[in-house]
Amino acid sequence: MPKIIDAKTAAAMIKPNDRVMFGSFLAVGCAETIVDEMVKLGTKDLHLICIASDYDDKGVGKLLSNKQIKSAQVSHLGTNKAIQEQYNNGEIEVEMVPQGTLMERIRAKGAGLGGVLTPTGLGTIVEEGKEILTIDGKEFLLEKPIGAEWAVIKAEKADKMGNLVYSKTARNANPVMATAAEKVIVEVNEIVEIGEINPEDVITPGIFIDYIVKV
Amino acid sequence: MPKIIDAKTAAAMIKPNDRVMFGSFLAVGCAETIVDEMVKLGTKDLHLICIASDYDDKGVGKLLSNKQIKSAQVSHLGTNKAIQEQYNNGEIEVEMVPQGTLMERIRAKGAGLGGVLTPTGLGTIVEEGKEILTIDGKEFLLEKPIGAEWAVIKAEKADKMGNLVYSKTARNANPVMATAAEKVIVEVNEIVEIGEINPEDVITPGIFIDYIVKV
Amino acid sequence: MDRNDRKYKRILIGKRIARELNDGDWCNLGIGLPTEVANHIPEGTSVFFQTENGMMGVGPAPAEGQEDKDLINAGGGFITALPGACYFDSCISFGIIRGGHLDMTVLGGLQVDERGNLANWMIPGKMVPGMGGAMDLVTGAKKVVVAMEHCDKKGNSKLLKSCTLPLTAKEKVNLIVTDMAVIEIRDNKMYLLEIAEGLTVEEVVKATEPELVIPKEIIYFGI
Amino acid sequence: MDRNDRKYKRILIGKRIARELNDGDWCNLGIGLPTEVANHIPEGTSVFFQTENGMMGVGPAPAEGQEDKDLINAGGGFITALPGACYFDSCISFGIIRGGHLDMTVLGGLQVDERGNLANWMIPGKMVPGMGGAMDLVTGAKKVVVAMEHCDKKGNSKLLKSCTLPLTAKEKVNLIVTDMAVIEIRDNKMYLLEIAEGLTVEEVVKATEPELVIPKEIIYFGI
């Protein structure tokens with residue numbers, strides 16, 4: 001059963017050099033309260049795993065503006081000046097991962113796979129340094145799992161067992177990231193009693209959740 | 001948008017030598033009405049893809065009892081005498097696939113992957129004839145996608161766009177199979193108007209569905 | 001409207017691409033120019049739009065004050081959900097994209113070459129926005145349509161013999177619709193299908209770096 | 001109850017395995033003997049049971065007449081859903097299993113050897129029920145416990161130096177609980193942890209093919 005903690009406590013558990021994945025898509029579906037506490041605390045040298053780097057003043061972008069990220073695996077950083085600058089200055093190491101490949105790599109970690117074979121990225125710079133396998137006459141890139149010490153995700157509602165439901169497009173990468181980290185912290189707008197979420201509606205089963213933070 | 005057809009029409013579309021995947025787990029979540037019409041029609045030489053072979057008189061087992069299956073990929077056949085007999089007599093070709101591997105292989109097809117690397121089956125007869133890859137010092141089996149001409153699935157309810165919701169453990173392999181076949185036929189207990197299913201509750205998006213059969 | 005007007009070009013391209021869509025198609029529109037396509041779906045044709053951040057059934061932008069902070073498209077713009085819409089996570093969303101379930105995807109382009117290579121995600125030393133979902137979309141969709149202006153600001157052809165920018169995907173583009181022409185890519189060749197009203201074949205050929213296969217009969221498209 | 005009684009053995013094994021579970025654990029119980037474990041969870045301990053056909057939070061069998069045809073466990077038996085239960089598809093279910101998210105899985109066994117190899121899914125030329133989810137469970141769960149009788153019907157040890165039947169998984173078994181003993185497998189050795197009340201160490205050693213590492217102090221378990 002997950003522990004219910006506050007955002008400050010959550011932020012303090014994350015240490016320098018930890019890999020942290022955030023479910024967020026242009027700051028929608030982002031655990032903003034926890035991000036704010038992380039910014040206040042200022043823990044540095046984090047490795048960021050996220051779909052996009054969001055905005056300079058919104059979502060995970062705040063951690064970039066505050067120079068807390070030393071490296072990142074993202075699919076998009078066009079909406080964030082801080083990371084573009086730090087990237088151009090060599091202050092941050094960035095691996096650009098196609099969004100679908102990023103999702104598959106995270107899912108692979110969560111589902112115990114050693115990797116997946118994907119056509120995305122073939123013939124592009126994404127294939128650099130990667131093994132290419134030919135399966136039944138077609139070429140595929142071998143993409144390896146991506147895991148993390150922490151997943152910091154956002155959901156609409158949790159019951160006390162950690163079963164989660166989301167809101168609209170704020171769902172995005174949150175469910176898959178919940179499967180792929182050693183510890184998972186979810187920020188929710190509402191905590192309800194066990195049994196108050198219809199078992200058919202649960203998107204993320206409670207087994208994946210370690211900590212719940214209520215906004 | 002999917003077509004609404006009757007079970008007899010559905011059964012008649014499936015031709016000899018077609019690969020057909022059925023969502024069913026010991027006959028729960030099985031499109032029984034379509035199976036019954038397939039038995040009446042008697043189309044032979046089908047390739048069956050299913051979690052289990054169900055029972056001789058229930059679920060996909062009825063197709064086996066009626067000798068309509070020439071080959072099968074399943075994870076379990078212990079509850080079905082017909083397939084055990086036909087297997088021992090050499091009348092049917094069976095590939096035993098671990099259940100989780102079966103799900104990943106079907107998902108791989110549906111998600112455009114060339115294969116997945118899994119530890120399940122290592123050191124067992126499942127690894128026979130398969131490539132073993134070492135990723136970061138750990139061995140994995142390379143498992144290839146499984147697709148089919150047809151997925152015949154069962155859901156509780158569909159709207160007219162093909163968005164589906166399921167009932168309890170009758171969900172099982174139905175959602176993943178909906179992604180992996182050239183044509184998908186769903187048997188449902190109820191068809192509702194577009195907009196009557198909450199967009200948050202949809203488990204299988206309508207894009208995957210070609211035909212709806214109402215019981 | 002002036003043929004050189006940006007808005008004219010946008011409508012011209014969007015309207016022409018809309019005609020590629022069939023009733024019941026499932027489609028993903030990229031950020032920018034491609035979104036114009038949604039404004040020109042012929043009456044009586046139902047097309048369902050995906051946004052790769054996790055939804056099928058994208059509706060028009062909400063009225064001011066009606067925005068839902070949890071409901072955006074892949075460009076970060078507020079949207080609405082049409083009846084029959086559904087939400088899903090990014091994994092399912094890219095399963096739809098990569099599994100070949102989309103009938104069509106429309107993307108912007110920096111360069112397209114005659115082998116169907118597309119470059120649209122980075123300019124080395126300059127802009128590194130990242131590929132986002134573009135590589136997956138171009139690799140996975142059944143039909144890949146590029147919507148872009150025919151020439152860059154300096155007047156150079158964006159249709160090339162060989163792309164010089166880093167690729168988004170290799171040999172995947174099926175159709176290019178520009179403010180000057182509709183061009184199909186097949187067997188490593190560019191086939192001129194239609195030209196914009198008011199232009200001549202010679203003007204299109206001159207503005208295009210690779211050789212164009214010219215049809216016997218010229219078809220024109222307009223707004 | 002007689003120590004040779006099947007029901008006695010079943011309770012003895014189930015009760016002992018139940019003690020391996022910690023408050024809040026997530027666990028999968030195989031068909032047959034392992035299901036007995038659910039009947040012996042210590043009071044005050046919450047354990048959540050998965051059924052791999054797609055549910056977390058398995059409750060006891062329903063009262064007669066209360067069966068729901070859509071609610072079964074992996075053995076096909078009718079079950080109920082506890083408060084906090086949730087349903088998911090087989091892909092997510094095996095993601096939970098293979099991704100290492102289950103604290104423990106309990107399975108029956110035909111043979112276990114001192115390297116931790118398990119055979120429990122087929123007898124060549126005889127029974128071919130198939131592995132179902134067993135290979136995934138044994139490969140993926142954090143702790144793998146085998147529940148079985150110590151000897152077969154002929155009195156031969158089911159604990160072997162080397163399995164002779166086709167394997168379910170290689171070197172994955174952590175603990176064996178039989179009607180005679182609790183044995184841990186570590187570094188390719190079998191460590192005797194406890195013996196059943198009424199038995200002597202000599203009797204257990206005699207009934208076991210591989211060498212057992214005997215503890216200094218003998219602990220007994222009973223029902």
Side-chain angles (χ1 to χ4, degrees), chain B residues 23-29 51-55 58 74-80 83-84 87-88 94-104 106-107 110-111 116 118-127 139 154 156 166-179 189 203-204, chain D residues 31 51-55 58 68-81 85-100 115-119 121-122 124-140 163 165-172:
Chain B
S24 178
F25 189 103
L26 298 179
V28 169
I51 293 176
S53 54
D54 298 347
Y55 305 105
K58 255 177 104 180
V74 292
S75 75
H76 198 266
L77 37 77
T79 51
N80 182 302
I83 193 171
Q84 297 254 1
Y87 180 59
N88 288 338
V94 178
E95 183 191 356
M96 299 299 308
V97 186
Q99 196 174 157
T101 297
L102 185 63
M103 294 305 110
E104 285 294 337
I106 294 170
R107 182 186 177 277
V116 296
T118 165
T120 301
L122 271 177
T124 76
I125 61 176
V126 169
E127 78 175 32
E139 289 191 336
K154 175 69 193 279
E156 185 57 23
Y166 298 88
S167 168
K168 305 187 178 75
T169 57
R171 191 183 302 189
N172 60 66
N174 287 295
V176 70
M177 286 179 173
T179 71
N189 295 337
I203 301 297
T204 295
Chain D
I31 304 169
T51 183
E52 65 263 34
N53 48 321
M55 176 189 177
V58 176
D68 182 325
K69 68 172 180 33
D70 288 336
L71 190 45
I72 62 164
N73 62 20
F78 289 112
I79 53 174
T80 52
C86 59
Y87 303 110
F88 33 75
D89 69 37
S90 304
C91 235
I92 293 177
S93 194
F94 280 87
I96 289 171
I97 290 168
R98 296 154 66 111
R115 287 191 306 260
N117 294 325
L118 168 67
W121 75 279
M122 76 172 288
K126 218 172 161 187
M127 182 180 70
V128 195
M131 69 292 278
M135 286 190 178
D136 302 292
L137 282 159
V138 180
T139 303
C163 288
L165 292 172
L167 295 189
T168 305
K170 208 174 134 186
E171 299 175 12
K172 293 289 180 187

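What you are looking at is a predicted structure, and each value in this text was computed from that prediction instead of being measured. In the text below, chain A, chain B and the rest are named by the order of the sequence lines, each starting its count at 1.
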Whether D/T139 side chain and D/M135 backbone form a donor-acceptor pair below 3.5 Å: yes
D/D68 side chain reached by D/F78 side chain, heavy atoms, under 4.5 Å: no
Toward chain D, the part of B/Y166 with a non-hydrogen atom under 4.5 Å: neither
Heavy-atom proximity to chain B below 4.5 Å, by part of D/Y87: both
Pick from D/I97, D/L167, D/D89 with the largest number of heavy-atom pairs that fall under 4.5 Å of chain B: D/D89
Close side-chain approach of B/E104 to B/T118, heavy-atom, < 4.5 Å: no
For chain D, the option from B/G121, B/S167, B/S75, B/A173 that forms the most heavy-atom pairs under 4.5 Å: B/S75
Qualifying residue for side chain to side chain contact (heavy atoms under 4.5 Å, CB included) with D/T51, from D/I79, D/I72, D/L71: D/I79
Interchain contact, B/S53 with chain D, by part (heavy-atom threshold 4.5 Å): neither
Per-residue contact mode, D/N117 against chain B (heavy atom under 4.5 angstrom): neither
Interface residue of largest heavy-atom contact number with chain D, from B/N80, B/N172, B/V126, B/L122, under 4.5 Å: B/N172
Under 3.5 Å donor-acceptor, D/D136 side chain and B/G100 backbone: yes
Segment of B/P175 engaging chain D (4.5 angstrom heavy-atom cut-off): side chain
Between B/P119, B/A170, B/P98, the one whose heavy-atom pairs under 4.5 Å with chain D are most numerous: B/P98
Chain D contacts, top residue of B/T79, B/V97, B/N174 (heavy-atom pairs, under 4.5 Å): B/V97
Note, B/L77 side chain near B/Q84 side chain (heavy atom, < 4.5 Å): yes
Chain D contact via B/A52 - which portion, at a heavy-atom distance below 4.5 Å: neither
Leading residue by heavy atom contact count with chain B [cutoff under 4.5 Å; candidates D/G76, D/G132, D/A119]: D/G132
Contact class of D/A74 relative to chain B, heavy atoms under 4.5 angstrom: both
Toward chain B, the part of D/S90 with a non-hydrogen atom under 4.5 Å: both
Between D/G133, D/A134, D/P129, D/G130, the one whose heavy-atom pairs under 4.5 Å with chain B are most numerous: D/P129
Per-residue contact mode, B/I83 against chain D (heavy atom under 4.5 angstrom): neither
Residue among B/I51, B/T120, B/V74 satisfying side chain to side chain contact (heavy atoms under 4.5 Å, CB included) with B/Q99: B/I51
Check: B/R107 and B/T179 side chains under 4.5 Å, non-hydrogen atoms: no
Minimum heavy-atom distance B/K168-D/D70, with the two atoms named: CB-O, 3.4 Å
Student check: side-chain heavy atoms of B/T101 and D/R98 closer than 4.5 Å: yes
